[in-house]
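Have a look at the structure below before the remarks.
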Amino acid sequence: MRVLVTGGAGFIGSHLCRRLLADGHEVLSADNYFTGSRRNIHDLLGNPDFEALRHDITFPLYVEVDRIYNFACPASPVHYQYDPVQTTKTSVHGAINMLGLAKRTGARVLQASTSEVYGDPEVHPQTEDYWGRVNPIGPRSCYDEGKRCAETLFFDYHRQHRVEIKVVRIFNTYGPGMQPNDGRVISNFIVQALRGEDITLYGDGAQTRSFCHVSDLVDGVVRMMDSPAGFTGPVNLGNPTEYRIDALAELILRLCGSRSRLVFRPLPEDDPCQRQPDITLARERLAWTPRVALEDGLRDTIDHFRRLLETQ
Ligand code: NAD
Ligand code: UDP
Ligand code: UDP
């Protein structure tokens, strides 16, 4: 099939492009390189089944494709808060354009939504039927509300125009291919530990997250795209093993053999206290379950950063 991946030069998008090429598809990446990089897809550029387009999805895109994975959007709080208006435009105008493209071509379209649609949740673990607790006017809102509006658009194009949609709510994902300046917790802690710099714990470190290795995540995403047309989601994709952030810091220090110190910094506004996916639906409907334990996945990610830092 001819597959469009928006955000194809990003962290998850580049892994997804590689997987789709391995599955025998023709892949077109559309990316404006805001947080992604051509280096992420360097190994794919000589592949005759791969094409990389510099394109901002807030503008229309006319191409002929069979499937669309809509992954374009900065995902790290540091990056999505840098230009919040553009973040909302990317989610909302981007969704409209990708849905318009799907409507015209008859392509099936999958939206990379997020656990952030649950905000700072009162329901734990989070199930898909929970409507969430999101601040509509805070510094994270451009991302959270943009992604929520994108979900609304997906379901309205489905109901109104019969577009075939799939919505996955992705929980914190990590792995090789993350950028050292990404700003998210796993890349920050590993880079700090390897450089012997202080480990920056925001708040008291008691907040929790559940971390999924990118190989597991991509597998779940592809299973969702290939699932029967009647199953739209939203479906949670994440690893349900929950960690406190201070425990994550200790684990990374140990795996890196680092003597960096922990230092405490203010907790960012609206930082969710706890997050853990309930993945019953994905297990039942996609026969999907994450396989990579955090410690193994971290070793792999630490190796990636070691190599990267050595060449810088
Ligand atoms: P990333 O920042 O590495 O990748 C995002 C990509 O989108 C980048 O290549 C960037 O250049 C591109 N992009 C941004 N705005 C664009 C625009 N207007 N037009 C075209 N391209 C644009 O982030 P990621 O971690 O790979 O996340 C990918 C997707 O998955 C995002 O939609 C994100 O919201 C979603 N997601 C990720 C996580 C996670 O933990 N990584 C969790 C939940 C949801
Ligand atoms: N669009 C696009 N590629 C296409 C078809 C549509 O980018 O192949 C854009 C189009 O520019 C429009 C948006 O998708 O702004 C929504 O399309 P739709 O057909 O739903 O809306 P309309 O064009 O009727 O406003
Ligand atoms: N965090 C931290 N130190 C850092 C970066 C992040 O303690 O250097 C915390 C952050 O406050 C949050 C958690 O780690 O509680 C996950 O942050 P990240 O930015 O990776 O993702 P998100 O908050 O979007 O889940």
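Between Phe11 and His15, the ring-plane angle classifies as perpendicular under the 30° and 60° cut-offs.
Judged by distance alone, with hydrogens and angles left aside, the side-chain atoms of Thr35 form no donor-acceptor pair with the main-chain N or O of Tyr33 at under 3.5 Å. A side-chain donor-acceptor contact under 3.5 Å links Trp288 to the backbone of Asp216. In terms of modelled atom types and a separation under 3.5 Å, the side chain of Asn236 and the main chain of Ile279 share no donor-acceptor contact. Judged by distance alone, the side chain of Gln126 and the main-chain N or O of Gln276 form a donor-acceptor pair under 3.5 Å.
Salt bridge Arg159/Asp156: present, at least one basic N to carboxylate O contact under 4.0 Å. Glu151 has no carboxylate O lying under 4.0 Å from a charged side-chain N of Arg148, or vice versa, which leaves the two without a salt bridge. With respect to the salt-bridge test (charged N to carboxylate O, under 4.0 angstrom), the residues Lys147 and Glu116 do not qualify.
For the residue pair Arg184 / Ser76, no side-chain donor-acceptor distance below 3.5 Å is found, with atom types taken as modelled. Between the side chains of Gln86 and Asp56, at least one donor N or O lies within less than 3.5 Å of an accepting N or O. For Gln81 and Tyr143, the side-chain atoms include no donor-acceptor pair closer than 3.5 Å.
Note that Arg275 lies outside the cation-pi zone of Tyr118, set by a 6.0 Å cut-off to the ring centre and a 45° limit from the axis.
Checked options Val63, Thr6, Ile68; the residue passing with Leu28 is Val63 (criterion: side chain to side chain contact (heavy atoms under 4.5 Å, CB included)).
With hydrophobic clusters built from ILVMFWY side chains whose heavy atoms lie under 4.5 angstrom apart, Met225 shares a cluster with Val214.
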What's the verdict on side-chain hydrogen bond (donor to acceptor under 3.5 Å, both in side chains) for Ser260 and Gln192, showing C-alpha distance, side-chain angles and the deciding distance? CA-CA 7 Å; Ser260 288; Gln192 290 162 345; over 6 Å; no

